[in-house]
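In this chain, residues are counted from 1 in sequence order. Please read these numbers as outputs of a predicted model, since none were measured by experiment.
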Amino acid sequence: MAQKENKFPPELEDDQQAAVLYSPFREKSLNPTSWNRKLKFWENLLSGMALEQGLVTFDLDALPKMFERKGLTPKCLDTVIAELIKSGRVRSIENYSTSSSWLSWGFETLIKQPVVWGVSHLVGPSKPKSSIYVWPEVVKNLAEQLAQQHEKNVYAGLTTNLISMSDLRTSCFSMIPNDQDFEIILVQLEREKKIVVETKNKEKVVKFCKKEENSVEPITELELQVYQIQKTAKGLEKEISKCSTEIESLIDEAKRYIREGSKFKAKKSLKKKNGMLKLMEKKSSTLENLYGILEKIQDASTNEMVVKACESGLAALKSLNAETNLEKAEAVLDNLQEAVENQDDIAHTLGSLNLGEDSMEDLESELLELIKDDNQVVQHDSGKISSLDDLPDVPSHVPSRKKESTQSKHLPHKYLSSS
């Protein structure tokens, strides 16, 4: 991990004191008091710097260069680190390699093909394989911060504590920017039984221990189903936002064709826009239903109630009026995935030009409205084409989970009136 530039303490600013502190340790028996005072200085300096800067690891070979002054580097740090290892305040990185089933290639490579250790003469035949060391105190502090951050960010306060590994990495990147440090902290959380990491459907999923529990339990199929519904809802939010942007783009495209005198192309853009609008309406309705289902899951007091809520979520995703008859809760996940694929097919169909549902009269009326609006914009700018700032803004927020009218909540009024 890259260290920040260090500000030397007063003791190292004085040349005479620095010379003593930078020199190798002499025999302890010659002056035990001075020996211990020097060791304490370096131990406090190194550990304090690690805690202040959040340094999870350090490279012993590179450590002296961090304290270079006037061309000199400390020659005593090998002894300091050896004492820190004995006391357990510093550990080799190999101690954090127990969860190889989910560690990344990079971290495994560091353990299996390490760099040469710089102070092998101190520890004899049991020497560590690499010169990379870990500050356990820093790891524990960051692990606690990560658990607290996740607790605050649990999706809408729902009962599940599952999150994909990729989403977790993104959420804590500002706090833990280094991937190797991130993996070490996950190992610490796993040791403390605060998380469990499993691969489900080719995706690494992390389950956090709930605040009221002492240790985390393995991921259940029921929890995985609820997680899948949450994931689908988040995906729908992004799709609705994308639809809104596309609709705005198609309106601008139709206006451009009007200015170019291509009425036929303008109508084609409007037909595309209307198809996209219907798709956004459908997705908004589905999302609203999913939010309602997730509320039921949150309020459910038994697993049976959660299963029934999951089944309702499946029905909402499929957007069918027929009732679903699921015999087993395990089947819900597969059906949810099938429903998502069906949604993609619907999007492809509605996005085509052969929609046929828009009458020529409706398109002519809408086209006339665009021409009228466009003429007003041109007149306002004295012959210059404006940026169409008079149009209402596209909504910048995702749908609320409160039960309100779906159309009025998720769709801009300008889209509703123009279809």
Set of residues satisfying salt bridge (Lys or Arg N to Asp or Glu O under 4.0 Å) with respect to Glu137, sequence neighbours excluded: none
Any residue meeting side chain to side chain donor-acceptor pair (under 3.5 Å) with Ser174, in chain and number order, not counting sequence neighbours: none
Side chain to side chain donor-acceptor pair (under 3.5 Å): pairs with one or both residues in residues 14-28, sequence neighbours excluded: Asp15-Arg69, Asp15-Lys70, Ser23-Lys38
Glu68: partners by salt bridge (Lys or Arg N to Asp or Glu O under 4.0 Å), with sequence neighbours left out: none
Results of side-chain contact (heavy atoms from CB on, under 4.5 Å) for Ser171 - residues two or more places apart only: Gln149, Leu168
Tyr257: ring pair (Phe, Tyr, Trp, His ring centres under 6.0 Å) partners, not counting sequence neighbours: none
Under the side-chain contact (heavy atoms from CB on, under 4.5 Å) test, residues paired with Val205 that sit two or more places apart: Leu162, Lys200, Glu203, Ile219, Tyr227
All side-chain contact (heavy atoms from CB on, under 4.5 Å) counterparts of Thr33, not counting sequence neighbours: Asn31, Arg37
Name the atoms and distances for all side-chain donor-acceptor pairs under 3.5 Å in residues 80-88, with sequence neighbours left out.
from  : atom 1 : to    : atom 2 : distance (Å)
Ser87 : OG     : Glu83 : O      : 3.4
Ser87 : OG     : Leu84 : O      : 3.0

Partner residues of Pro136 under the side-chain contact (heavy atoms from CB on, under 4.5 Å) criterion, sequence neighbours left out: Arg91, Tyr96
Pairing residues for Glu192 by the salt bridge (Lys or Arg N to Asp or Glu O under 4.0 Å) criterion, not counting sequence neighbours: Lys194
Glu246: salt bridge (Lys or Arg N to Asp or Glu O under 4.0 Å) partners, not counting sequence neighbours: none
